[in-house]
Every structure is written in C-alpha cells, then in structure tokens.
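Beneath this line is the structure, given in structure tokens, with notes to follow.
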Amino acid sequence: EYDGVKLLYDNTNNYYLQYDAGELMVKIKRIKITQEEAKRILNDPSESYNIIIHYQDKGIFGEND
C-alpha cells in the first residue's frame with residue numbers, strides 16, 4: 001500500500017491496482033495491470049500513480065470494487 005493505492009495479487013496470478021477515484025466521496029476502483037508494471041511498483045511505489053494515469057489516458061478507469 002502506498003498513499004491510498006494498493007497493489008493486489010489474486011489466486012489466478014493477476015495483479016491489480018486499487019485506488020480511490022472519488023472526488024467528494026469514496027469510490028474505490030481496481031485496474032488490472034501487468035506483472036512488469038507490478039515489478040515497477042515494488043521497486044518504486046510512487047510508480048503506481050504513473051501507471052494509473054497511463055491507464056486513465058487510455059480511457060481505462062477500472063472496475064468498481
């Protein structure tokens with residue numbers, strides 16, 4: 001966990017970033033990411049923001065959690 005962003009791993013070998021996308025209220029979202037992106041986050045937790053922005057720029061905002 002880094003500043004409200006969590007790196008998650010599930011039993012099907014998938015990685016996710018979970019974050020709060022709400023402005024005035026809590027709105028938890030989860031984006032599926034690659035293993036390489038997960039490694040970048042483990043090396044530098046602040047990379048999680050860059051990865052979230054990258055997906056949002058592509059119109060991918062994640063699933064509601």
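When reading the values below, keep in mind they use all heavy atoms of this one structure, side chains included, and skip hydrogens, waters and symmetry mates. No experiment lies behind these values; they were computed from the predicted model shown.
The line from CG of L8 to NZ of K32 is 13.5 Å long, rounded to the nearest 0.5 Å. The distance from the NZ atom of K39 to the OG1 atom of T34 is 9.5 Å, given to the nearest 0.5 Å. In this structure, CD on Q35 lies 7.5 Å from OH on Y9, to the nearest 0.5 angstrom. The distance from the OH atom of Y49 to the CG atom of L17 is 10.5 Å, given to the nearest 0.5 Å.
For D10, the side-chain contact (heavy atoms from CB on, under 4.5 Å) partners two or more places apart in sequence, or in a different chain, are T12, N14, Y16. For the side-chain contact (heavy atoms from CB on, under 4.5 Å) test, residues two or more places apart in sequence or in another chain that qualify with L42 are L7. With sequence neighbours left out, the ring pair (Phe, Tyr, Trp, His ring centres under 6.0 Å) criterion links F61 to no other residue. Under the side-chain contact (heavy atoms from CB on, under 4.5 Å) criterion, E63 pairs with R30, sequence neighbours left out. In this view, Q18 satisfies the side-chain hydrogen bond (donor to acceptor under 3.5 Å, both in side chains) rule with no residue, not counting sequence neighbours. Among residues two or more places apart in sequence or in another chain, the side-chain contact (heavy atoms from CB on, under 4.5 Å) test is passed with N11 by none.
The shortest non-hydrogen separation linking A21 to K29 is CB-CG, 3.6 Å. For the residue pair I31 and Y19, the shortest heavy atom distance occurs at CD1-CE2, 3.6 Å. Minimum heavy-atom separation, N64 to K27: OD1-CE, 4.0 Å.
V5 and I51 fall within a single hydrophobic cluster, where Ile, Leu, Val, Met, Phe, Trp and Tyr side chains are chained together by heavy-atom contacts under 4.5 Å. One hydrophobic cluster, built from ILVMFWY side chains closer than 4.5 Å, cannot hold both I52 and I28; they sit in different ones.
Using a 4.5 Å heavy-atom cutoff, the side chains of I33 and I41 are in contact. Residues R40 and N43 have side chains not in contact (no heavy-atom distance under 4.5 Å, counting atoms from C-beta outward). Under the 4.5 Å side-chain criterion, counting only non-hydrogen atoms from C-beta, Y55 is in contact with E37.
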